[in-house]
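Have a look at the structure below before the remarks.
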Amino acid sequence: MRRSEQTRAEDTLLRDTSRRFLEDTYAWDEGRSRRADRADHWRFAAELGWFALGLPERLGGLEGDGNQLLSILEEAGRVLHDAPLLANVLLAPKALSAMNEAVAIPLAEKLAAGEIRFAYVPDGSVHLSRSTMRLEGRSGVALGAAEATHWLVAVGSRSVDGASLLLLPANDAVRRTDFRLIDGRSASTLHFEDLAIPDDAALARGETAFRLLEDLNDRAVIGGCAEAFGALEGGLGLTVDYLKQRTQFGAPLSSFQAVQHKMAESFCEIEQMRSLLLWGAVALDASPDERAQAASALKVFLGREGLTAASRCIQVSGGIGLTEDYRIGHVYKRLQTVAALFGSTEAHIARLGDLFIPSTPPA
Amino acid sequence: MRRSEQTRAEDTLLRDTSRRFLEDTYAWDEGRSRRADRADHWRFAAELGWFALGLPERLGGLEGDGNQLLSILEEAGRVLHDAPLLANVLLAPKALSAMNEAVAIPLAEKLAAGEIRFAYVPDGSVHLSRSTMRLEGRSGVALGAAEATHWLVAVGSRSVDGASLLLLPANDAVRRTDFRLIDGRSASTLHFEDLAIPDDAALARGETAFRLLEDLNDRAVIGGCAEAFGALEGGLGLTVDYLKQRTQFGAPLSSFQAVQHKMAESFCEIEQMRSLLLWGAVALDASPDERAQAASALKVFLGREGLTAASRCIQVSGGIGLTEDYRIGHVYKRLQTVAALFGSTEAHIARLGDLFIPSTPPA
Amino acid sequence: MDAFFTADEIAFRDEVRAFIRENLPTDLAQKTRDGIHLAREDMARWNTILDKRGWAVHHWPTEYGGPGWTPIQRFIFEAECASADAPPLSVFGLYLVGPTIYTFGSSEQRARYLPGIRSGEAFWCQGYSEPDAGSDLAAVRTTARKVEGGWIIDGSKAWTSEGHFADLMICLARTNPNVKPQTGLSLFIVDMKAKGISLQPVITIDSGHSVNTTFMDSVFVPDDGLIGGVDKGWTYAKFLLSHERTNNAQVHRSRREFTRLKDLAAALPGSGGRRLIDEPAMCRRFTLVEANLVSLEVTVLRILADQTEGREPGPEASIVKIIGSELQQRITELAMEVLGEEGVKVEHEGDSLLAQEAQGWTKRHLFRRVVTIYAGSNEIQKTIIARSVLGM
Amino acid sequence: MDAFFTADEIAFRDEVRAFIRENLPTDLAQKTRDGIHLAREDMARWNTILDKRGWAVHHWPTEYGGPGWTPIQRFIFEAECASADAPPLSVFGLYLVGPTIYTFGSSEQRARYLPGIRSGEAFWCQGYSEPDAGSDLAAVRTTARKVEGGWIIDGSKAWTSEGHFADLMICLARTNPNVKPQTGLSLFIVDMKAKGISLQPVITIDSGHSVNTTFMDSVFVPDDGLIGGVDKGWTYAKFLLSHERTNNAQVHRSRREFTRLKDLAAALPGSGGRRLIDEPAMCRRFTLVEANLVSLEVTVLRILADQTEGREPGPEASIVKIIGSELQQRITELAMEVLGEEGVKVEHEGDSLLAQEAQGWTKRHLFRRVVTIYAGSNEIQKTIIARSVLGM
């Protein structure tokens with residue numbers, strides 16, 4: 001939040017450059033393809049430093065902070081980008097930092113150069129047998145798993161003992177169900193059917209893995225919310241512009257008090273979400289409890305006030321807001337998607353409750 | 001809901017007569033006493049037939065139906081009446097109907113004539129020892145207990161086995177804590193400290209009593225909501241009239257779209273509550289399950305949408321809505337009071353949930 | 001809510017229920033469960049079955065083929081159809097065009113157009129809204145110019161639902177540009193196969209196609225295509241909007257969908273070995289919707305009871321559009337929480353109950369954003385309540 | 001939210017915390033917990049204690065006695081005071097009158113009035129609103145007529161909080177009826193003991209007396225009672241409203257009260273042998289408030305951080321009044337659910353924790369209906385956001 005003048009200048013440069021690149025390569029038009037995940041764009045994103053930004057210096061990274069990382073995801077969200085940036089900007093750098101340097105350095109180099117791509121494979125019901133090193137079960141929804149070269153696989157995340165974090169090369173031996181999400185992104189479920197994995201695929205096990213998995217999932221939540229926030233903020237701007245142009249009953253829609261107040265309410269909700277994202281950005285590197293609280297508070301806010309803010313934008317836009325060719329419906333779908341991934345709204349309400357209500361009475 | 005022309009005519013006559021009487025004797029003015037529970041008014045109410053209306057013919061009553069009974073309570077609520085009508089119009093007739101006729105007939109006669117007054121004493125933690133016939137524990141909030149001649153005491157209402165319904169003459173041997181409620185009504189807690197009661201004080205025991213207690217409490221809920229509804233409907237009318245007179249920024253407040261929409265929202269909520277009350281009126285004599293569902297749905301709606309509707313009226317009224325001399329704050333306090341009595345909003349949400357979600361999976 | 005019905009009405013309900021059980025094809029019920037925009041032939045099949053029993057146009061007067069039911073009987077019939085997953089009937093012919101024609105049309109028009117609606121053979125669409133006249137119909141720009149033997153219509157219509165398979169359109173067009181906007185409009189019957197008509201599909205955010213933009217380029221409509229008097233179209237349109245007060249509440253569809261959602265949440269596992277619906281937060285959310293749904297049901301019943309006894313519905317009639325549409329959205333929002341990750345997939349894997357149900361819910365959830373916008377947006381309804389009912 | 005603070009700020013917090021622990025009299029903390037409208041002498045006592053330490057006017061410039069803190073330090077100080085149940089300082093002198101006088105007043109006025117505010121000896125009230133000028137200050141009718149050596153003020157002021165024990169009023173009066181409403185107003189300092197002033201108590205719905213109507217009948221104010229220039233009052237009043245952007249959020253009071261409510265719900269028994277706070281519905285409602293409260297806290301911090309680094313707060317500043325006031329009401333609404341029947345009693349029985357806490361919560365709940373109305377109603381704030389921020 002408080003930053004030196006120089007850091008501010010860097011922030012602004014990063015954000016402006018990112019926004020220009022995204023607007024150039026990802027401009028919204030009615031006929032555009034819903035899938036614009038092109039290899040040349042990915043390489044250019046790498047040249048902009050997006051994938052090096054989250055890596056520590058010792059892995060050849062730029063050691064950017066949470067605010068900078070989230071600003072990239074926000075800007076990508078603003079144009080409704082659908083390539084799997086989240087895992088590569090925010091999650092993979094964290095996982096690589098936790099690895100043996102000998103293995104991590106070459107991977108980090110390739111990540112930074114845009115030569116490999118990670119996908120985060122959240123836990124569904126995946127179990128690893130320690131004795132046989134065989135993997136069994138079904139993953140959660142893994143964004144961009146089909147396009148990835150490497151999978152970061154969360155295993156047994158519900159218990160300290162059963163937890164592992166695996167790094168697997170993307171692998172046709174694993175049965176994969178690919179599907180699109182309603183916001184246009186591609187994702188997969190991985191089915192592990194008695195899959196033998198090498199010993200060194202486990203980046204962490206037990207308590208270390210458990211903590212790392214919580215960290216990665218909180219990062220996914222916070223980063224996903226940053227993308228959703230960018231989409232929502234862009235959506236409000238689009239809506240207000242439309243209201244100024246659209247005339248009904250002889251006056252611009254923007255002049256009706258009830259419409260004005262609805263937009264003011266959405267603005268309030270968006271600004272609160274911006275605040276929670278600022279917290280999320282510093283919480284990325286804070287204590288696990290504070291990080292978890294920030295992540296869950298964000299997710300709860302997105303799933304309730306965020307969705308409300310977006311649906312209000314559709315409402316005041318009228319019929320056009322319901323059409324596939326217009327952008328605001330896609331904003332809503334992006335928010336709805338993020339609200340459903342990485343733990344439901346009610347699950348995060350329950351988690352936040354556990355964190356902030358002490359289980360024993362106060363002394 | 002559907003009624004013959006004749007019944008409609010009777011309904012209208014009853015409501016009009018009640019309203020005229022209440023407006024005459026209970027007109028709102030800034031200096032009026034908060035306690036207008038006068039003996040002459042009570043006798044006149046008896047002459048209007050209010051207390052005979054709920055009694056069956058065999059007890060000398062007028063055998064009015066739920067709609068008519070609730071219309072009296074609605075009208076009383078509209079003028080923010082604070083005498084304990086609920087127990088005497090809606091609850092005592094039911095309890096007397098369940099009694100031995102030899103005892104019930106003289107009591108019914110006196111009730112109808114306005115010579116005795118009942119108070120409903122909800123259960124708090126009251127326990128009756130069957131062997132010693134001694135009463136122990138503390139009641140819930142009993143409206144009008146200090147002014148009553150007879151108490152209808154709910155005992156052990158949480159279990160079928162422990163349930164009893166007692167009829168006790170009001171009695172100075174029972175320790176009583178009297179207090180006012182925020183809506184101006186007087187109420188008491190009764191403390192039974194090893195009180196011996198005669199055998200014939202128990203109108204019902206066990207399962208019969210359990211069902212009767214549920215019935216009485218549902219009646220208290222439905223009747224209380226009728227009073228609250230009358231208050232709220234009157235409050236909306238008052239507020240809209242004020243908005244038409246009050247000028248700000250060079251125009252009547254009623255001309256601002258945001259204010260109009262707020263009042264339209266309150267109107268929608270009030271009409272839904274009117275519908276639920278219609279259901280409540282027929283449900284008074286329906287199956288226990290339907291009665292319980294109607295009562296809990298009403299209570300939930302009052303505690304949520306009803307309070308929202310009332311607080312919106314304060315909001316649009318501005319500063320005057322916050323003053324004790326103005327009526328709308330008292331409407332809010334009446335609603336808040338009814339919301340807190342006879343089971344909290346969350347308790348009724350839980351109860352409604354138990355009733356409408358079957359505990360075993362559907363076949 | 002049995003307490004509301006008379007013994008005769010309960011018997012009527014049993015009769016309807018039995019008829020549906022015996023006559024509703026199971027594949028139609030399945031399609032209704034799965035889909036959101038049904039195909040024309042599926043709607044027509046059910047319409048024909050009902051017509052044979054004399055129940056297709058259940059709210060029309062008997063002289064035009066209605067069964068002579070009271071409004072309460074119609075409520076019961078509609079509730080039973082919905083709860084058995086019967087396909088919806090085509091809303092425009094039945095609720096809009098039929099009453100317009102038998103109220104304002106000529107006897108020739110009645111003879112020519114009503115039978116097709118009743119039997120389900122003819123499908124209609126509505127041509128009221130335009131790209132620049134959404135909520136504000138007085139801004140309609142489509143013109144109808146008098147020529148020998150008929151009229152020439154030029155303009156475009158927005159949000160033409162079912163236009164791509166409709167046979168006929170009921171079309172509002174400006175016949176007099178020299179009077180104030182509301183008074184210069186007339187109603188026409190337009191053959192959708194007429195020369196000069198072209199349609200452009202509008203894909204909605206559920207990725208479905210049920211809506212179109214209709215372009216009319218010098219479309220000729222013969223004289224007998226004019227409904228009622230010239231320049232009276234606004235009056236007719238307003239009459240119908242105030243006449244059909246409860247259909248927009250969609251109370252039966254909401255009850256049916258809510259029951260299905262409840263069943264789904266009772267069949268899915270939650271945390272800690274419980275059913276999903278027994279998780280406290282889920283149970284509480286269902287319960288709060290139930291309290292609102294039941295209040296809508298009673299509100300609709302009370303309007304119909306008034307009508308049954310010949311009284312004009314009071315101001316409560318104007319609220320059912322608002323509360324009914326908000327409730328439809330709350331139900332699908334709850335569905336998204338029930339579905340979890342499955343709810344945001346476009347394609348679903350396997351034949352689990354969850355996978356089967358997910359697609360329909362997701363599409364409904366997205367498409368239902370429309371219900372607070374169409375048929376007079378809820379903002380417009382609130383202004384109407386404030387002005388007409390509260391006198392503000 | 002420790003991640004937001006620097007090590008220096010954490011050290012500062014410890015210093016403040018230690019000072020309060022040693023210097024806040026326990027009876028004052030108890031009164032703050034119990035009451036809602038504190039007595040003048042209780043507020044003054046705490047003000048004096050702070051003044052001795054140099055912390056009373058913590059957001060004033062150092063030249064007028066401020067401690068030279070950054071906005072973040074002020075946030076920390078206020079949070080610590082609230083969390084220790086220190087009495088609130090008199091809001092008018094500290095936040096409104098002081099800045100008005102040191103910004104627009106003469107050096108004589110500064111010398112004469114600022115020390116009393118700083119020490120807590122002088123109490124002020126605000127005379128802006130009038131019976132017919134609530135949200136619309138341009139409608140102020142109170143007049144100030146120039147006479148030899150001063151002004152004669154006539155009119156009445158509504159909602160004069162703390163007027164019944166204030167020494168002085170800052171009063172907006174019309175000095176020029178011949179210009180447009182906003183430009184003909186001036187600001188005056190009025191001695192509340194002056195001849196011609198009378199007060200009528202206004203009892204609010206919590207049955208408390210903190211507000212008055214003030215009548216001014218030919219009240220003489222000497223020339224040196226005029227602040228700044230004639231007819232400049234509107235400008236000054238607006239400047240201050242835009243200057244003090246975060247106080248209306250009442251974030252520290254909300255945090256403190258929410259924590260107390262949480263402690264109460266953790267101490268009360270719920271059903272099934274659980275603590276009340278462990279009942280799922282209760283836990284969920286607390287959690288949802290927490291998510292909103294923390295977002296308000298960060299929003300306020302972010303505005304203050306901008307100020308600390310010399311940037312003008314962005315548009316986010318205009319939202320804290322709205323979200324802060326709504327949250328205050330949500331907290332007391334939750335309190336009513338926690339209290340149950342006890343919450344609607346005027347008198348409470350026994351010395352249980354519940355009985356002790358109930359009265360304060362009930363009064364707060366009722367009185368806090370005001371927070372979405374005063375200081376520019378939330379409707380007015382929304383219009384400001386739509387127009388000034390969104391350009392609608």
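We name chains A, B, ... by the order of the sequence lines, and we start the count at 1 in each one.
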What's the separation between atom [atom1] in [X] and atom [atom2] in [Y], rounded to the nearest 0.5 Å?
| X | Y | atom1 | atom2 | value |
| --- | --- | --- | --- | --- |
| I349(A) | R285(D) | CD1 | CZ | 13.0 Å |
| C283(D) | D354(A) | SG | CG | 7.0 Å |
| I357(A) | R275(D) | CD1 | CZ | 8.0 Å |
| E271(A) | I319(D) | CD | CD1 | 5.5 Å |
| E326(D) | C268(A) | CD | SG | 7.5 Å |

Test log, rule side chain to side chain contact (heavy atoms under 4.5 Å, CB included), inputs R284(D) and E346(A): CA-CA 9 Å; R284(D) 186 173 184 276; E346(A) 289 296 343; 2.5 Å; yes
List the atom of [X], the atom of [Y], and the distance in Å for their closest heavy-atom pair.
| X | Y | answer |
| --- | --- | --- |
| K262(D) | F356(A) | NZ-O, 2.9 Å |
| F267(A) | I385(D) | CD2-CG2, 3.6 Å |
| S275(A) | V298(D) | O-CG1, 3.2 Å |
| T299(D) | Q272(A) | OG1-CA, 4.3 Å |

Under 4.5 Å from a heavy atom of chain D, the part of E305(A) involved: side chain
Interchain contact, L355(A) with chain D, by part (heavy-atom threshold 4.5 Å): neither
What part of [X] gets within 4.5 angstrom of chain A, counting heavy atoms only: side chain, backbone, both, or neither?
| X | result |
| --- | --- |
| E379(D) | both |
| I323(D) | side chain |
| N292(D) | both |

Residues in ring pair (Phe, Tyr, Trp, His ring centres under 6.0 Å) contact with Y332(A), at least two apart in sequence or another chain: H365(C)
Non-hydrogen side-chain atoms of Q260(A) and K382(D) separated by less than 4.5 Å: no
Leading residue by heavy atom contact count with chain A [cutoff under 4.5 Å; candidates L288(D), L296(D), I277(D), I322(D)]: L288(D)
Contact winner vs chain A - A291(D), A3(D), A386(D), heavy-atom pairs under 4.5 Å: A3(D)
Chain D neighbours within residues 283-300 of chain A, where any heavy atom lies under 4.5 Å away: A286(A), E290(A), A297(A), V300(A)
For chain D, which residues of residues 239-253 of chain A have heavy atoms nearer than 4.5 angstrom: V240(A), L243(A), K244(A)
Flag if over 12 foreign heavy atoms under 6.0 Å of CZ, R211(A): no
From CA spacing to verdict: side chain to side chain contact (heavy atoms under 4.5 Å, CB included), M392(D), V259(A): CA-CA 9 Å; M392(D) 296 176 76; V259(A) 174; 4.0 Å; yes
Summary of side chain to side chain donor-acceptor pair (under 3.5 Å) pairs that have at least one residue in residues 249-258 of chain A, sequence neighbours excluded: none
